Amino acid sequence: MKSEVGLWIDHRQAVIVVVTDAGEETKRIISNMEKHVRFSSGSSEDGSQEDVRDRQFGNHLDSYYDEVVAVIRDGRRYPNFWPG
């Protein structure tokens, strides 16, 4: 069965609309991430802590985006929206 997928996404949540012959379904995936705050550089010790936070943030987002891709993978993609 073919499906068409509409997607609105940012780093906090994704709203996915899947339309098939059987009907439509709206899915919401929450990333559980807050705004990524970048701090001004200080000493090298502060930089390494910031690097760890950046990697953790990136790894968490990778899992979130993988979850989104798993939902939209098989559909023909129609409109995609994201914040400007």
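Values in this document were obtained by computation on a predicted structure and should not be read as measured data.
- Formation of a donor-acceptor pair under 3.5 Å by the S3 side chain with backbone atoms of T20 is not found in this model.
- Distance check: I30 CD1 to E67 CD gives 10.0 Å after rounding to the nearest 0.5 Å.
- Here D66 contributes atom CG and R73 contributes atom CZ; the two are 8.5 Å apart, rounded to the nearest 0.5 Å.
- Residues Y64 and I9 have side chains in contact (heavy-atom distance under 4.5 Å, counting atoms from C-beta outward).
- Counting heavy atoms from C-beta on, the side chains of V18 and T26 never come closer than 4.5 Å.
- Residues that satisfy the side chain to side chain contact (heavy atoms under 4.5 Å, CB included) test with S63, not counting sequence neighbours, are absent from this structure.
- Using a 4.5 Å heavy-atom cutoff, the side chains of V15 and L7 are not in contact.
- Side-chain heavy-atom separations under 4.5 angstrom define the hydrophobic clusters, and the remaining members of the one that includes V17 are V19.
- Note that CG of D62 and NE2 of H60 are 10.5 Å apart. Values are rounded to the nearest 0.5 Å.
- Separating the NE2 atom in H11 from the OG atom in S31 is a distance of 6.5 Å, to the nearest 0.5 Å.
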